[in-house]
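Remarks on the structure that follows.
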Number of protein chains: 2
Amino acid sequence: MTEGPTITTIAQRAGVSIASVSRVLNGLPTREDTVRRVMRAADELGYVPNSVARSLRNRRTDQIAFAMADIGNPVYVAMVREVQPLLKEAGYRLLIHSTDGDAEDELGVLRGLRERYVDGLIISPLRGVTEEHVEAIVAARAPVVVIGSLPEDMPDGALVDNVRTDSRTGVRLALDHLHAIGRRRIGFLNGPLGTVPGAARAAAYREALEALDLPYDEDLVEVGDFYRDSGARAARALLARAPGVDALMCANDLIALGALDVLREQGRDVPGDVAVVGMDDTDLASVTWPTLTSVSLGSAERGRAAAGLLLDRLQNGPREPRVVVVRPSLTIRGSTTLPEASPGGAR
Amino acid sequence: MTEGPTITTIAQRAGVSIASVSRVLNGLPTREDTVRRVMRAADELGYVPNSVARSLRNRRTDQIAFAMADIGNPVYVAMVREVQPLLKEAGYRLLIHSTDGDAEDELGVLRGLRERYVDGLIISPLRGVTEEHVEAIVAARAPVVVIGSLPEDMPDGALVDNVRTDSRTGVRLALDHLHAIGRRRIGFLNGPLGTVPGAARAAAYREALEALDLPYDEDLVEVGDFYRDSGARAARALLARAPGVDALMCANDLIALGALDVLREQGRDVPGDVAVVGMDDTDLASVTWPTLTSVSLGSAERGRAAAGLLLDRLQNGPREPRVVVVRPSLTIRGSTTLPEASPGGAR
DNA sequence: CATCCGGCCGTAAACGTTTACGGATTGTCG
DNA sequence: CGACAATCCGTAAACGTTTACGGCCGGATG
């Protein structure tokens, strides 16, 4: 693997100093004649600047990392999909860290910021921002955008912007809708209470019931994981315990898929017997049959917002931390209404 | 943003030279006492090595890029999902380039290799490897793995490994299956003939028909894009032209989704009236109703293979280019058999 | 003609590491 | 006690850029 030409090679061939070469290549004012000579030499040698050397000198890498629990999760895919073009547009490369939900890994990424291999980080911590996260962020002294909730008391040194959604309102929208179509025994299939979304959605469910003057019934609640098979297990358990349930609120779309599987298997009509609502409004929601009514937490919008905040901070320097709240909305599909004539739409 | 400690800071505090610090930090043999002093200083200062400086000196970045058409496509997500942990395990970071199917962009990534911001590249070019691709790869002098097909005559300097699948056999598997369940008028919904998969699958369809002694009928073929709504349009056109069709072979799962939409809309039973087969066997296939029989082209396996080849070359140095062919297989689901009792499974 | 000013350019330092090389110290052995 | 080997460490160069600084040369001006 022979070495490519460097600025020095060009300087020799053009008969000028490396400083001149650098100036020409960076478009700094230089005599016409010199410019031509350097350009010519660079062309002939097929010169390409070494980005590592440039990074070392300029103290910037033009790279940004995005850390998430699982790149297989459609929610994160939607975010990456929005983030990538914005970063590219601004001249940054994108690094992906899929932490597998491993808290140690997540912290590893945060601590890794100190190696300065990226200029900034977007992170979506599954289990919330702990004391250790905060420590690592402060020590990093590189801008970080957190997607998800933040502890109340971020210390001053922390360069943290925040994008969050309001799953409380999201759950509320879903339950209002279910109530409006006449459902009164609304079950809830949640994810782990140890996760931020899990905890928030649990609280939101109780609140929403209260607002609707519906009783809270433990038998109508089941906790599992945020996956399809876990959703199926939970649905089976809940249906066995409370056969009279007439709607299922699911803490994400995958759980809802599992619930749909079980309802079909048991011959219960959706939405006739049981209406189903998912959460996240992923691509999957328009693929199921019946299509899935789902609470959109604006994944794409959250991705865009996060990228925007980070780029703004990188380009315009220090400023007060900002918070962007993305409003949830409800996308009503077949699982809570009568079968539509024409389903689907593009993904 | 104050500057962090460098090797020099540590050297001062520990009262030794920077060479000693480096040696200690890299675990080279050093006197016990010096080791302690350096370690102590490093700890106290919270030293973290600067990865850019290290890269410059070591001429390696510990980064690998993966370039694909669209990170939103489940096929690529499946690949990334496999690639990421393998790279992490080997100590590499992962960069993602989603080129949007833009050929210029794709070449940009390839040319960018010469900036040496990554040690290697996995690329899946949508429209095949052109003359220009080859040029860029040779000039890059960095190892590249291409997922997809390669021109016959790669020049010697090109450090290219290759992972491909055999969509010909894949289509064949699907048509054999359809034939075996008694279908004789098998339609084909393809993607653009200008793409590598599109062209290959078109040829494979003709061959497979021939092998089965079925006539090739132009009315049974429709060409569109690899997306759901395009698939729907194509299905509608084909059904109008050839109402007697009893099976639809789709060039990918998204097209198949569109086809399922239309069949449902027209009240045709799947698989009773029309059987449907998709291709790629993405996560979506187990979500539809009926679940979708699909040709698996081993996305996950291709991802693993690509990562394996690249890592091998990076770790063990130059060697003959290798080719890995991943065998396709057929995953039979509800869209070609009677409705199952229990659908689904984990995603 | 002497002076000054401005435009270009070259020298050298800096970014933060790793490592070749040789000098110093210590210990061993004759 | 002297010579030599073995250890350990410090100096300095190198990786490929960018940029501060000062020198040189030309022309304009008094």
Side-chain angles (χ1 to χ4, degrees), chain A residues 1-39 41-42 45-63 112-119 141-142, chain B residues 1-39 41-42 45-63 112-119 141-142:
Chain A
M1 210 160 299
T2 57
E3 303 311 328
T6 74
I7 220 181
T8 313
T9 332
I10 299 191
Q12 285 166 354
R13 177 177 264 248
V16 299
S17 76
I18 62 166
S20 289
V21 175
S22 176
R23 275 188 289 256
V24 170
L25 295 175
N26 291 350
L28 294 172
T30 314
R31 212 180 42 190
E32 174 60 20
D33 169 53
T34 315
V35 172
R36 254 204 315 278
R37 297 237 300 288
V38 169
M39 284 311 202
L45 293 171
Y47 170 79
V48 175
N50 180 309
S51 61
V52 176
R54 178 175 284 178
S55 289
L56 178 59
R57 170 69 212 212
N58 292 347
R59 301 162 145 258
R60 50 178 302 185
T61 60
D62 296 320
Q63 300 190 144
L113 281 184
R114 307 187 48 205
E115 296 174 26
R116 316 210 125 261
Y117 62 90
V118 288
D119 298 337
R141 308 230 116 222
Chain B
M1 209 160 299
T2 57
E3 304 310 328
T6 73
I7 219 181
T8 314
T9 332
I10 299 191
Q12 286 165 353
R13 178 177 264 248
V16 299
S17 76
I18 61 167
S20 288
V21 176
S22 176
R23 275 188 288 259
V24 169
L25 295 175
N26 291 348
L28 294 172
T30 315
R31 212 178 43 189
E32 174 59 20
D33 167 52
T34 314
V35 173
R36 255 204 314 276
R37 297 238 300 289
V38 170
M39 284 310 205
L45 292 170
Y47 170 79
V48 176
N50 179 310
S51 62
V52 176
R54 178 175 286 180
S55 289
L56 179 58
R57 169 70 213 209
N58 291 345
R59 301 158 147 259
R60 50 179 302 184
T61 59
D62 296 320
Q63 300 191 144
L113 281 185
R114 306 188 46 204
E115 295 174 27
R116 317 210 123 258
Y117 63 89
V118 287
D119 297 338
R141 308 231 115 221

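Proteins get letters first, then strands, A, B, ... in listed order; numbering begins at 1 in each. No hydrogens, no waters, no symmetry mates; every other heavy atom, side chains included, goes into these values.
- From A:Q63, atom CD reaches atom OG of A:S51 across 7.5 Å, with rounding to the nearest 0.5 Å.
- Qualifying salt bridge (Lys or Arg N to Asp or Glu O under 4.0 Å) partners for B:D119, counting only residues two or more places apart in sequence or in other chains: none.
- In this structure B:R54 satisfies the salt bridge (Lys or Arg N to Asp or Glu O under 4.0 Å) test with no other residue, sequence neighbours excluded.
- Judged as a side chain to side chain donor-acceptor pair (under 3.5 Å), and not counting sequence neighbours, the contacts of B:R60 are B:D62, B:Y92.
- Annotation: proximity of residues 30-38 of chain A to DNA chain C (heavy atom, distance under 4.0 Å) is found for A:T30, A:R31, A:T34, numbered in ascending order.
- In terms of the side-chain contact (heavy atoms from CB on, under 4.5 Å) criterion, residue partners of B:L113 (sequence neighbours excluded) are, by chain and number, B:L110, B:V118, B:L121, B:A140, B:V144.
- Where the helix from C:dC1-D:dG30 to C:dG30-D:dC1 starts and where it ends, the local axes point in directions that differ by 70°; five pairs per end, rounded to 10°.
- Shown here are the side-chain contact (heavy atoms from CB on, under 4.5 Å) partners of A:I10, two or more places apart in sequence or in another chain: A:V21, A:V38, A:A41, A:A42, A:L45, A:Y47.
- The side chain to side chain donor-acceptor pair (under 3.5 Å) search around B:N50 returns none, not counting sequence neighbours.
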* **Protein proximity profile, nucleotides 14-27 of chain D - base contact B, sugar-phosphate-only contact S, no contact -, cut-off 4.0 Å on heavy atoms** => BBBBBB--------
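- For B:R31, the side chain to side chain donor-acceptor pair (under 3.5 Å) test picks out no residue, with sequence neighbours left out.
- A:V52 comes within 4.0 angstrom of nothing in the nucleic acid, heavy atoms only.
- The list of side-chain hydrogen bond (donor to acceptor under 3.5 Å, both in side chains) pairs with a residue in residues 11-28 of chain B, not counting sequence neighbours, reads B:R13-B:E44.
- Listed by chain and number, the residues in a side chain to side chain donor-acceptor pair (under 3.5 Å) with A:R37 are A:D33 (sequence neighbours excluded).
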